[in-house]
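Notes follow once the structure below has been shown.
Letters go in sequence order (proteins before strands), and every chain restarts at 1.
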There are 2 protein chains.
Amino acid sequence: MLEAQLNEASILKKVLDSIKELVTDANFECNDEGINLQAMDNSHVALVSVKLERVGFANYRCDRPIPLGVNLNSLTKVLKCAKDDDMCTIKASEEADVLNLVYEAKSSDRIAEYDMKLMDIDSDQLGIPDTEYDAQVTMASSEFARIVRDLSQLGESVRIEVSKEGIRFASDGESANGSVLLKHSADAPPGKDEEDEEEKDSEDEEEEDEDGEKKEKKAKVKKEKDAEDVDMENGDGDEEEKGSDDEDEEDSSSKKRKKKATKSKPSKKAKKDKKKKEKIKEEPEMQGVNIQLNQLVSLTFSLKYLVNFSKSSNLAKNVRLLMSSDVPLLVNYEFGQGHIRYYLAPKIGDE
Amino acid sequence: MLEAQLNEASILKKVLDSIKELVTDANFECNDEGINLQAMDNSHVALVSVKLERVGFANYRCDRPIPLGVNLNSLTKVLKCAKDDDMCTIKASEEADVLNLVYEAKSSDRIAEYDMKLMDIDSDQLGIPDTEYDAQVTMASSEFARIVRDLSQLGESVRIEVSKEGIRFASDGESANGSVLLKHSADAPPGKDEEDEEEKDSEDEEEEDEDGEKKEKKAKVKKEKDAEDVDMENGDGDEEEKGSDDEDEEDSSSKKRKKKATKSKPSKKAKKDKKKKEKIKEEPEMQGVNIQLNQLVSLTFSLKYLVNFSKSSNLAKNVRLLMSSDVPLLVNYEFGQGHIRYYLAPKIGDE
DNA sequence: TCAATGTAGT
DNA sequence: ACTACATTGA
């Protein structure tokens, strides 16, 4: 039996808006940790992976893992019947052939209840390799959306190059070519990601933690010192650091990093829990662009898909692009309650 | 000869937007009391009745009753040529085969004049029986619109049940079933429906008087109506008034009414006149749902029509649904200058 | 949140 | 061909 309650139906609505064009049917895999969805897009070119962590729910109970086969169009319709700030409770019984959704107005004077048929879906649960990416770029999700939308008017595909200089999106079209370069923000403390007020913990989790740190450091440091810094300086800074850093960092705040280095990084979970307690919120929009680069990458992707992915912009202020040569691009949106990740294989040659 | 002047062309525009999909041709029956339109919808399933009272006009003159046969599409086109806040004067001569419309900007620096051909229409002037309804439900028109729109995504028809509990809208569809329950608002004492204009409905509004608390709540509601009143103050005021008011309270001008209190109820016209003077305004959106119930009713209706009716939401903040078993539903929108009423027969069995 | 454009239905 | 509804963009 599954019973999960969200304080804001809008999260679910946004998730569905994000993926419903890509995928028509999918299994929501519910287990004690939360709810996962993983599916290839209809043309089997892209893969989308959604995670809603149990901590993101006001209430969550899942006695044993259940896959809920959902037609996303139906679910979208049903979710449209929820107002954004309704409390939303979803329930499914053990041999669920129906998903029950209850929307309750905060004022409690309106209660809407929907039952949606479920279906059996063969799940493609593909294992996603845990790649080490050569380039990690974090930027405002709205900026990413704007760029791919703009370029999609010109051509079919975009070449994304990440270098020390920054990240460049270039597209060639019949009537015009376009190129957008985002410089690695010198001053941009990547805004401090979530609030890392607590850094007490121990685990260093993968990349994310690193980021967190960087951000923190950056944020603080820069403000303190370098707020005024100009890009150039930053660039220099970067270069200097490279020698020592290449494993994990590159951005401007390496100094600070060192200081903090003694501390371990906060665990991801810890952070999230905290957030929740405080009031779940996504990280504030970062300023500028944060690039971590091990190796220069240049890959070409279909703009159609990227435009599609960028519909998730309303879920998170920031987006992270992770790339390595000859490996699918990962477009990652983190929001308070989980994440949505898109994988897209690069185009080869000039196809 | 008819000559009628509206301060705001928008009223007429809204009325036509509301009904033009339902009816293509209709007679505007003009007489000394105002203008009435009554017509079956094109498929003869629903009936729409519009009344514009003469007091709603800045000027009104109608020497003797005239029916003006109008093609509503034509009139809609002509009305689109008026700006919302234009003064609008319509004229028709005795043997009118043309309707003359003059739009004058408030600034008087623009005058537009249109002549629209009239036609002869056999009027179906159906007498509408003056039913006593077992259930009367008043709610925000926007909420009603939202509910029927939502449910229309799922199924063809909706079952509306009114009980002590509240009002439930339920629809079954292929991929999902839905049910929306609006509880009778605590603060809106069921007895009272706001404007029982002529109190022809059984005045069962006694309860209000009994409990002061409820009244206060109510008071709030009312306050909203009275733009000038402050909530708290108003509450008190209201209570005081109630004794005398329950007979005729209804819209915004309760205070003034008070003054009038010596009289039992002011005549409807009088009230309206007053409103006008004050500046004709529709009643503010009520909070919550007000239900008056003599007997439980459960009826099924075509959502398509209800969605259509709900286009009148821009004419009035509130809508009132009146139902009795085996009798057509009445959907009533009252606005400052008159009303628009829709009648729709229930579906029988599971058709 | 509102407006404009495109698509579907009558 | 016209109108209405839905989706996307500003």
Side-chain angles (χ1 to χ4, degrees), chain A residues 8-10 13-24 41-42 71-86 140-154 178 180 285 303-315 317 319, chain B residues 10 13-26 40-46 48 70-81 83-84 140 142-156 171 173-176 285 302-315 342:
Chain A
E8 306 277 344
S10 60
K13 296 176 74 165
K14 288 175 186 170
V15 168
L16 264 102
D17 283 343
S18 291
I19 65 176
K20 69 165 193 284
E21 282 184 46
L22 226 41
V23 182
T24 57
D41 83 291
N42 295 328
N71 174 282
L72 299 188
N73 286 318
S74 299
L75 182 54
T76 300
K77 280 184 188 171
V78 173
L79 285 171
K80 279 188 183 157
C81 302
K83 297 182 74 170
D84 279 358
D85 61 345
D86 283 349
S141 57
S142 57
E143 186 154 43
F144 176 66
R146 173 70 194 238
I147 290 168
V148 296
R149 241 192 295 123
D150 285 351
L151 293 180
S152 70
Q153 295 184 6
L154 305 180
V180 179
E285 182 165 2
L303 276 165
K304 172 185 154 198
Y305 286 95
L306 297 182
V307 169
N308 221 314
F309 300 166
S310 70
K311 294 192 175 170
S312 297
S313 296
N314 52 2
L315 275 164
K317 295 290 188 184
V319 61
Chain B
S10 60
K13 296 176 75 166
K14 288 176 186 169
V15 168
L16 265 104
D17 283 343
S18 290
I19 64 175
K20 68 165 192 284
E21 280 184 52
L22 228 39
V23 182
T24 57
D25 301 304
M40 297 294 290
D41 84 291
N42 296 327
S43 49
H44 284 254
V45 172
V48 55
V70 170
N71 175 282
L72 299 188
N73 287 319
S74 301
L75 180 54
T76 300
K77 284 182 188 167
V78 173
L79 285 171
K80 280 188 182 155
C81 303
K83 297 184 69 174
D84 279 358
S142 57
E143 186 154 43
F144 176 65
R146 170 76 195 235
I147 289 168
V148 295
R149 242 190 297 119
D150 283 352
L151 293 180
S152 70
Q153 293 187 123
L154 304 181
E156 300 267 302
S171 181
E174 298 184 358
S175 57
E285 183 166 1
S302 159
L303 277 165
K304 171 185 152 196
Y305 285 95
L306 297 183
V307 169
N308 220 312
F309 300 166
S310 71
K311 293 193 176 171
S312 297
S313 295
N314 53 2
L315 276 164
Y342 301 94

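Annotation: side chain to side chain donor-acceptor pair (under 3.5 Å) contacts of Asp84(B) (sequence neighbours excluded): Lys13(B). Looking at residues two or more places apart in sequence or on another chain, you find a side chain to side chain contact (heavy atoms under 4.5 Å, CB included) between Asp41(B) and Leu22(B), Ser43(B), Val45(B), Ala46(B), Tyr305(B). A search for side chain to side chain contact (heavy atoms under 4.5 Å, CB included) contacts involving Asn42(A) returns Thr24(A), not counting sequence neighbours. Under the rule for a side chain to side chain contact (heavy atoms under 4.5 Å, CB included), the partners of Ser175(B) that lie at least two apart in sequence or sit in another chain are Ser74(A). Listed by chain and number, the residues in a side chain to side chain donor-acceptor pair (under 3.5 Å) with Glu21(B) are Lys311(B) (sequence neighbours excluded). Checked against side chain to side chain donor-acceptor pair (under 3.5 Å), Lys14(A) has no partners two or more places apart in sequence or in another chain. In this structure Ser18(A) satisfies the side chain to side chain contact (heavy atoms under 4.5 Å, CB included) test together with Ser312(A), Asn314(A), Leu315(A), Ile340(A), Tyr342(A), sequence neighbours excluded.
Between the CD1 atom of Ile19(B) and the P atom of dT3(D) there is a distance of 16 Å, given to the nearest Å.
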Once each nucleotide of nucleotides 1-10 of chain C is scored for protein heavy atoms under 4.0 Å, what B/S/- sequence comes out, 5' to 3'? ----------

Produce a footprint string for nucleotides 5-10 of chain D: one letter per nucleotide, 5' end first; B if the base is under 4.0 Å from any protein heavy atom, S if only the sugar-phosphate is, - if neither. S-SSSS

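Ser171(B) OG to Gln153(B) CD: the interatomic distance, rounded to the nearest 0.5 Å, is 10.5 Å.
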